[in-house]
Amino acid sequence: MAHKGKLKEREETLFIRTVVRTLEDKDHKEILMNSKRAGFMFFPHHYLITADGTIHKMRPEESVANGELSNYDTTVAVLSDSTDKALASLKVLTEALLETYKGAKLIEV
């Protein structure tokens, strides 16, 4: 378990999980603040892609994802806005992650 502000490291990577949502043009700082207001100590996803297509690394890639995500301890999680620019960046990031974590299964939500 994560404790005292340190995240547990992932032992293996079996899944790359992507979630696409309309984030209403919020910037990454506002999205992070909303996550903290919702009670999360750390942002639940490893990466956040905002409407302009910018990829933000929100937690160390080698750490586990948030425990509320399915398969959290074997997953690299990505949250993306639904704009064309964000989706283009999501495609690039997903391809890179699948190359890094060969054999990982892509889960698109």
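Being a predicted model, the structure only gives us computed values, none of them experimental.
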Trainee: Kindly state each residue pair satisfying salt bridge (charged side-chain N to carboxylate O under 4.0 Å, His left out) with at least one member in residues 44-61, sequence neighbours excluded.
Mentor: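 Passing the test, one end in residues 44-61: no pairs.
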Trainee: Would you compute the distance between atom OG1 of T13 and atom CG of N71 and round it to the nearest 0.5 angstrom?
Mentor: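 Rounded to the nearest 0.5 Å, the OG1-CG separation comes out at 12.0 Å.
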Trainee: For the atom pair OG1 (T75) and NE2 (H46), what is the distance rounded to the nearest 0.5 Å?
Mentor: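 Answer rounded to 0.5 Å: 8.5 Å.
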Trainee: Sequence neighbours excluded, which residues qualify as side chain to side chain contact (heavy atoms under 4.5 Å, CB included) partners of V109?
Mentor: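 In terms of side chain to side chain contact (heavy atoms under 4.5 Å, CB included), with neighbours along the sequence ignored, V109 is linked to R17, V19, R21, I107.
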Trainee: Looking at residues at least two apart in the chain, or sitting in another chain, which of them share a side chain to side chain contact (heavy atoms under 4.5 Å, CB included) with E12?
Mentor: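 Residues passing side chain to side chain contact (heavy atoms under 4.5 Å, CB included) with E12: L14, T74.
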Trainee: Would you say I55 and L79 are hydrophobically clustered, going by side-chain heavy atoms of ILVMFWY under 4.5 Å?
Mentor: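 No; tracing contacts between hydrophobic side chains, which count when under 4.5 Å, never links both residues.
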Trainee: According to salt bridge (charged side-chain N to carboxylate O under 4.0 Å, His left out), does anything in residues 95-109 pair up with another residue at least two apart or in another chain? List the pairs.
Mentor: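 Those involving residues 95-109 are K91-E95, E99-K102.
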Trainee: Donor-acceptor check, side chain of R10 to backbone of D73, threshold 3.5 angstrom: yes or no?
Mentor: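 No, because the side chain of R10 does not come within donor-acceptor range (under 3.5 Å) of the backbone of D73.
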Trainee: Where do L98 and A104 come nearest, in terms of heavy atoms and distance?
Mentor: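 Closest approach of L98 to A104: CD2-O, 3.5 Å.
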Trainee: Restricting to side chain to side chain contact (heavy atoms under 4.5 Å, CB included), what partner residues turn up for E24, sequence neighbours left out?
Mentor: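 Counting only residues at least two positions away or on another chain, E24 forms a side chain to side chain contact (heavy atoms under 4.5 Å, CB included) with T22, K26.
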Trainee: Quick test of your reading: applying ring-ring contact (aromatic ring centres under 6.0 Å, His included), list the pairs with at least one residue in residues 81-109, sequence neighbours left out, ordered by first then second residue.
Mentor: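 Non-adjacent pairs meeting ring-ring contact (aromatic ring centres under 6.0 Å, His included): zero.
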Trainee: If you group Ile, Leu, Val, Met, Phe, Trp and Tyr by side-chain heavy-atom gaps below 4.5 Å, do V20 and I31 land in one group?
Mentor: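 Different clusters: V20 never reaches I31 through Ile, Leu, Val, Met, Phe, Trp or Tyr contacts under 4.5 Å.
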Trainee: What pairs meet the salt bridge (charged side-chain N to carboxylate O under 4.0 Å, His left out) rule with one or both residues in residues 77-86, with sequence neighbours excluded?
Mentor: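 Listed once each, the pairs would be none.
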Trainee: Just do the side chain to side chain contact (heavy atoms under 4.5 Å, CB included) check on L97 and V78 with the steps written out, would you?
Mentor: CA-CA 10 Å; L97 290 171; V78 181; 3.9 Å; yes
Trainee: Provide the closest heavy-atom pair for M58 versus L48 in the form atom of the first, atom of the second, distance.
Mentor: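 Here M58 and L48 meet closest at CG-CB, 3.7 Å.
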Trainee: Output the distance between atom OG1 (T94) and atom CD1 (I49), rounded to the nearest 0.5 Å.
Mentor: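 With rounding to 0.5 Å, OG1 (T94) is 6.5 Å from CD1 (I49).
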Trainee: Please list all pairs passing the ring-ring contact (aromatic ring centres under 6.0 Å, His included) test where one or both residues lie in residues 8-34, with sequence neighbours left out.
Mentor: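 As it turns out, the ring-ring contact (aromatic ring centres under 6.0 Å, His included) pairs with a partner in residues 8-34, which skip direct neighbours, are H28-H56.
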Trainee: Let me confirm one number: the CG-OG distance from L23 to S80, rounded to the nearest 0.5 Å.
Mentor: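 Here the interatomic distance stands at 7.5 Å.
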